[in-house]
Amino acid sequence: MTRRVRMMILAVGGAGLATLLVAACLKLPGFGGASHPYGDRVVRASLSRRTANTIASVNFDLRAFDTLGEMSILFAAVLGTVVLLRQTRDERRAKPEPAYVALPVRRYALILLPVALLTGLYVIAHGQLSPGGGFQGGVVAATALHLLYLGADYRALERIRPVGLYEVGDALAASAYLVTGLAGLLGGTAFLANTLLPYGTFNTLSSGGIVPLLNAAIGMEVACAVVVLLARFLDQAVEIEKESGK
């Protein structure tokens, strides 16, 4: 495919996207108006299902199917990265050498690691109650582990980051989301319908029906996915070398 053909395809796609965007914007409510039909419905649905965080209600209840698509994109990105960055025949693994770490960096990285990890887990666990959730908390928890790389060395990170287990965890978390959705079908309702569990008491960890379950599955999937992604890129930067040594 020539550069000219690629640019033509890009132009056609961009024009189509711009047309759809303009058409959508023309149908938006007036700025600052009193009518907010979607927002009003979302708030009512969130309160009726005892979900204090309205955004979590949208992500894991009203539009849980859309969230499944977002999770699938991340899962596919991880899978593609694993395939593309796998060790090839003309590459070998070099044992990473320990590097000098300045004492202040080591001290504060190791102090911050458990704090950041607990913060990530807290954000995941309270996703249906306060700002945050599985997506945000998963990223925080995954990157918190890599403070060990900054504060110690790569070998220390490898000891707490068996990549194979995180790959399995990523697949299990994605499967848990799907299974929760299929349970709705078996229960006689709809896929990912929030009807399987009682809604509980408002503003408690057990409130929201299946929202906490889906939020936890997303948190685990995102955390495992980010760990695997960073592991593959770090392998290329630290361990994998060409046979020539370059």
Side-chain angles (χ1 to χ4, degrees), residues 51-61 63-64 66-82 101 104-177 180 203-208 210-235 237-238:
T51 308
N53 182 6
T54 304
I55 304 301
S57 179
V58 173
N59 290 338
F60 304 113
D61 187 352
R63 300 182 65 181
D66 293 352
T67 301
L68 173 62
E70 295 169 7
M71 179 188 69
S72 301
I73 292 171
L74 178 59
F75 188 84
V78 174
L79 182 60
T81 301
V82 170
V101 180
V105 175
R106 179 185 297 271
R107 179 185 299 124
Y108 292 115
L110 297 181
I111 291 174
L112 188 59
L113 191 157
V115 176
L117 182 58
L118 287 175
T119 300
L121 296 177
Y122 178 91
V123 171
I124 294 173
H126 292 77
Q128 75 275 18
L129 304 180
S130 57
F135 286 103
Q136 299 85 345
V139 172
V140 173
T143 52
L145 297 177
H146 292 77
L147 289 171
L148 191 60
Y149 175 51
L150 299 178
D153 57 25
Y154 190 71
R155 293 176 299 177
L157 174 63
E158 283 187 312
R159 285 194 290 270
I160 67 165
R161 189 211 59 188
V163 179
L165 290 181
Y166 284 94
E167 291 174 342
V168 172
D170 190 8
L172 288 177
S175 300
Y177 196 100
T180 305
N203 209 29
T204 61
L205 287 175
S206 59
S207 61
I210 66 170
V211 170
L213 299 181
L214 297 180
N215 177 65
I218 288 293
M220 179 178 175
E221 198 275 335
V222 170
C224 292
V226 172
V227 168
V228 174
L229 281 174
L230 293 176
R232 295 306 176 186
F233 284 110
L234 281 173
D235 281 352
V238 178

For residues 112-130, which side-chain N or O atoms pair as donor and acceptor with protein atoms under 3.5 Å away, sequence neighbours left out?
{"residue": "Thr119", "atom": "OG1", "partner": "Val115", "partner atom": "O", "Å": "2.7"}
{"residue": "His126", "atom": "ND1", "partner": "Tyr122", "partner atom": "O", "Å": "3.0"}
{"residue": "Gln128", "atom": "NE2", "partner": "Leu205", "partner atom": "O", "Å": "2.6"}
{"residue": "Ser130", "atom": "OG", "partner": "His126", "partner atom": "O", "Å": "3.4"}

Quick check: closest heavy atoms across [X] and [Y], and the distance to 0.1 Å?
{"X": "Val163", "Y": "Ala231", "value": "CG2-CB, 3.6 Å"}
{"X": "Thr180", "Y": "Ala176", "value": "OG1-O, 2.8 Å"}
{"X": "Asn203", "Y": "Ser207", "value": "N-OG, 3.9 Å"}
{"X": "Cys224", "Y": "Asp170", "value": "CB-N, 3.6 Å"}
{"X": "Gly151", "Y": "Ala109", "value": "CA-CB, 3.7 Å"}

Exercise. If you measure from CG on Leu68 to CD on Glu70, what distance do you get to the nearest 0.5 Å?
Worked result: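 Rounded to the nearest 0.5 Å, the CG-CD separation comes to 9.5 Å.
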
Exercise. How long is the span from the OH atom in Tyr149 to the CZ atom in Arg155, to the nearest 0.5 Å?
Worked result: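 So the OH of Tyr149 and the CZ of Arg155 are separated by 12.5 Å.
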
Exercise. Taking the side chain as C-beta and beyond, is there a heavy-atom pair between Leu214 and Thr67 under 4.5 Å?
Worked result: no

Exercise. If you draw a 6.0 Å radius around CZ in Arg106, do more than 12 non-hydrogen atoms from other residues or ligands fall strictly inside?
Worked result: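 Yes, because the 6.0 Å sphere around CZ of Arg106 holds more than 12 heavy atoms from other groups.
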
For this session: List for me each residue that meets side chain to side chain donor-acceptor pair (under 3.5 Å) alongside Asn59, sequence neighbours excluded, and say none if there are none.
Result: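 With neighbours one apart ignored, the set is empty.
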
Exercise. Where does the angle between the aromatic ring planes of Phe60 and Phe135 fall among parallel (under 30°), tilted (30 to 60°) and perpendicular (over 60°)?
Worked result: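 The arrangement is parallel - the two ring planes meet at less than 30°.
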
For this session: Could you please spell out the steps behind the side chain to side chain contact (heavy atoms under 4.5 Å, CB included) verdict for Tyr108 and Leu147?
Result: CA-CA 9 Å; Tyr108 292 115; Leu147 289 171; over 6 Å; no

Exercise. Pick from Leu148, Leu145, Leu234: which one makes a side chain to side chain contact (heavy atoms under 4.5 Å, CB included) with Arg161?
Worked result: Leu234

Exercise. Yes or no on side chain to side chain contact (heavy atoms under 4.5 Å, CB included) for Tyr177 and Met71, after CA distance, side-chain angles and deciding distance?
Worked result: CA-CA 9 Å; Tyr177 196 100; Met71 179 188 69; 3.9 Å; yes

Problem set entry | Charged N-O contact under 4.0 Å between Glu167 and Arg232 |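 Yes, this pair counts.
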
Exercise. Should Val222 and Val139 be marked as a side chain to side chain contact (heavy atoms under 4.5 Å, CB included) after you check the CA-CA gap, both sets of side-chain angles, and the distance that decides it?
Worked result: CA-CA 6 Å; Val222 170; Val139 172; 3.7 Å; yes

